[in-house]
Amino acid sequence: MWRTSLRAGCRGCRGFGPKGIWGSHAVRRCSAPAPAPAPAPALPAGRITARQAVDVWKRHFEERGVTEPDNSSHYIIAHLLGAKTIESLEHGKLTEFLSREKTEQMWQLCTRRLSRMPVQYVIEEWDFRDLTLKMRPPVFIPRPETEELVELMLTDLEMEPGAKVGADGQRTCLEVGCGSGAISLSLLNSMPQLKSIAVDQSQDAVDLTRENALRLGLQDRLQVYCIDVLKDAETVVSLCSPVSALVSNPPYLFSEDMTSLEPEIFRFEDHAALDGGKDGLKVIKQILTVAPQILTNHGRVYLEVDPRHPPLIRRWVEANVEEMHYVETRHDINGRPRFCILQKKKSNKDHRLDQD
């Protein structure tokens, strides 16, 4: 598996994240014009070892201010040599001479990284929990925090064996904003009794989710639709009801924070998957508004949010969505309030039906 130390950076800022493009703070003003692209170092005239190629590009990345130059060059050479990490390469591989073809490929991929393209896009794949997913711009890159969201959701689902299931004995989950399909596919891979529906406003994301599902052999339990929940909530309700769980890692950045992103995020990832409006809650409020129409009784919503959001979401739900109950806030591995869990209340009408 790819090490999670090399990160795409979580969303959020002002001290809450992004946590650097790979793990440290990524708050940098990008509103100034981008500098002209630097020329790549010339291809070596003679033969060069893998270690020498790594060192050449590490130095060049450092000189050009590319984030995590060491990890960037390591992941690219490991990928070219058929490994996940440089540490997992066979002994002696780094001291062997590269073929001319491999050398040219190394220069091509590292030149893309020089433009600040994220490594995930450069090598066109990344690991999420125990899955390797295809990646390509501008589809949102899954972050390590979202792996935590899947873990807590799996724990909840496995603790509720009596939850309502369909006629075929399977439960159904809805993911809003599927991106590469990371959440839905990871859930399906871990729970054979689960089915999933995934929606995204981006056709690029829908296409990539379908491709990843096919590659992983999970396409029979996943339905994917290109729908914008903000513009066509009625279609989401009609196509996706009823489900026992709704999960989303929605766009949750405050609009004013968009210009504080590292170039890797700002230039290459879909802004619609990042910008949550003035308060970061535009999509989240819509999800929670339609959730009671989609969920079965006691069905739950699982959200990944900005650490500033949980108290705002709790107050908003209490004032605007009487059918939903705010259950709890969970913290991520760094101790930040990152995940919100809500549950649909059982209405009086449903209670009367049960008595009948």
Side-chain angles (χ1 to χ4, degrees), residues 1-11 18-19 21-23 68 71-72 74-76 78-85 88 109 112-113 117-154 173-192 194-226 247-251 264-265 268-270 272-274 302 304:
M1 297 299 289
W2 301 112
R3 292 182 304 172
T4 55
S5 62
L6 188 61
R7 314 174 77 146
C10 79
R11 290 168 294 181
K19 292 179 284 186
I21 202 63
W22 311 123
E68 292 210 1
N71 278 335
S72 296
H74 283 184
Y75 276 95
I76 291 171
H79 173 72
L80 283 176
L81 297 180
K84 294 286 188 181
T85 66
S88 64
L109 296 182
R112 293 180 194 168
R113 180 71 188 108
M117 177 180 280
V119 168
Q120 293 91 333
Y121 292 154
V122 170
I123 64 176
E124 299 182 346
E125 64 180 39
W126 202 247
D127 282 355
F128 184 87
R129 298 185 76 247
D130 50 356
L131 303 178
T132 299
L133 302 170
K134 294 293 290 182
M135 292 287 144
R136 57 175 174 261
V139 180
F140 184 74
I141 298 168
R143 274 60 169 176
E145 289 77 14
T146 308
E147 297 188 22
E148 297 178 56
L149 174 64
V150 172
E151 292 289 350
L152 73 86
M153 189 174 177
L154 284 170
C173 170
L174 168 64
E175 180 184 5
V176 177
C178 56
S180 62
I183 294 176
S184 286
L185 295 173
S186 192
L187 290 170
L188 293 175
N189 188 60
S190 298
M191 296 189 70
L194 190 70
K195 285 185 176 180
S196 185
I197 304 168
V199 302
D200 201 292
Q201 54 82 31
S202 164
Q203 188 63 53
D204 289 325
V206 167
D207 292 343
L208 187 56
T209 292
R210 286 175 176 156
E211 181 180 333
N212 279 322
L214 190 62
R215 290 177 67 251
L216 296 167
L218 297 170
Q219 70 278 7
D220 291 343
R221 290 190 285 133
L222 177 67
Q223 301 174 51
V224 192
Y225 301 102
C226 187
V247 61
S248 184
N249 176 19
E264 282 85 346
I265 302 174
F268 290 95
E269 292 193 79
D270 184 2
L274 297 163
Y302 300 83
E304 179 178 332

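The structure presented is a predicted model; accordingly, all values stated were derived computationally and were not measured.
Atoms CG and OG, on Leu194 and Ser184 in that order, are 8.5 Å from each other to the nearest 0.5 Å. Remark: Leu185 CG to Asp130 CG distance equals 11.0 Å, nearest 0.5 Å. Rounding to the nearest 0.5 Å places OG1 of Thr85 at 7.0 Å from OH of Tyr75. Rounding to the nearest 0.5 Å places OG1 of Thr209 at 12.5 Å from CG of Leu214. Taking NE2 of His74 as the reference point, atom CD of Glu68 lies at 11.0 Å (rounded to 0.5 Å). Going from atom OG of Ser180 over to atom CE of Met135 covers 3.5 Å, rounded to the nearest 0.5 Å.
Counting only N and O atoms by type, the side chains of Glu304 and Thr146 include a donor and acceptor under 3.5 Å apart.
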If you apply the rule side-chain contact (heavy atoms from CB on, under 4.5 Å), what do you find for Arg210 with Val206, and how did you get there? CA-CA 6 Å; Arg210 286 175 176 156; Val206 167; 3.6 Å; yes
Between Leu216 and Asn189, does the side-chain contact (heavy atoms from CB on, under 4.5 Å) criterion hold? Intermediate values first, please. CA-CA 9 Å; Leu216 296 167; Asn189 188 60; over 6 Å; no
For Glu211 and Arg136, run salt bridge (charged side-chain N to carboxylate O under 4.0 Å, His left out): C-alpha distance rounded to whole Å, both residues' side-chain angles, the deciding distance at 0.1 Å, then the answer. CA-CA 12 Å; Glu211 181 180 333; Arg136 57 175 174 261; 2.9 Å; yes
The test is side-chain contact (heavy atoms from CB on, under 4.5 Å); show your working for Glu125 and Lys84 and say whether it passes. CA-CA 10 Å; Glu125 64 180 39; Lys84 294 286 188 181; 4.1 Å; yes
Apply the test side-chain contact (heavy atoms from CB on, under 4.5 Å) to residues Asp270 and Gln201: give CA-CA distance (whole Å), side-chain angles for both, the deciding distance (0.1 Å), then the verdict. CA-CA 11 Å; Asp270 184 2; Gln201 54 82 31; 3.4 Å; yes
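Heavy atoms only, all atoms of each residue included: Phe128 and Glu147 are closest at CE1-CG, 3.5 Å. Looking at every heavy atom in both residues, Phe140 comes nearest to Ala273 through CB-CB, 4.0 Å. Across all their heavy atoms, Leu222 and Ala213 have their closest contact at CD2-CB, 3.8 Å. Counting all heavy atoms, side chain and backbone alike, Leu174 lies closest to Val199 at CD1-CG1, 4.3 Å. The two residues Asp200 and Gly179 have their closest heavy-atom pair at OD2-N, 3.0 Å. In plain terms, the two heavy atoms of Leu149 and Ser248 that are nearest each other are CD2-O, 4.1 Å.
Each of Ile197, Leu188, Leu187 was evaluated against Cys173; a single residue qualifies, Leu187, per the side-chain contact (heavy atoms from CB on, under 4.5 Å) test. Just one of Ile141, Val139, Leu133 meets the side-chain contact (heavy atoms from CB on, under 4.5 Å) condition when paired with Gln120; it is Ile141.
In this structure, the side chains of Pro138 and Asp204 come closer than 4.5 Å at one or more pairs of heavy atoms.
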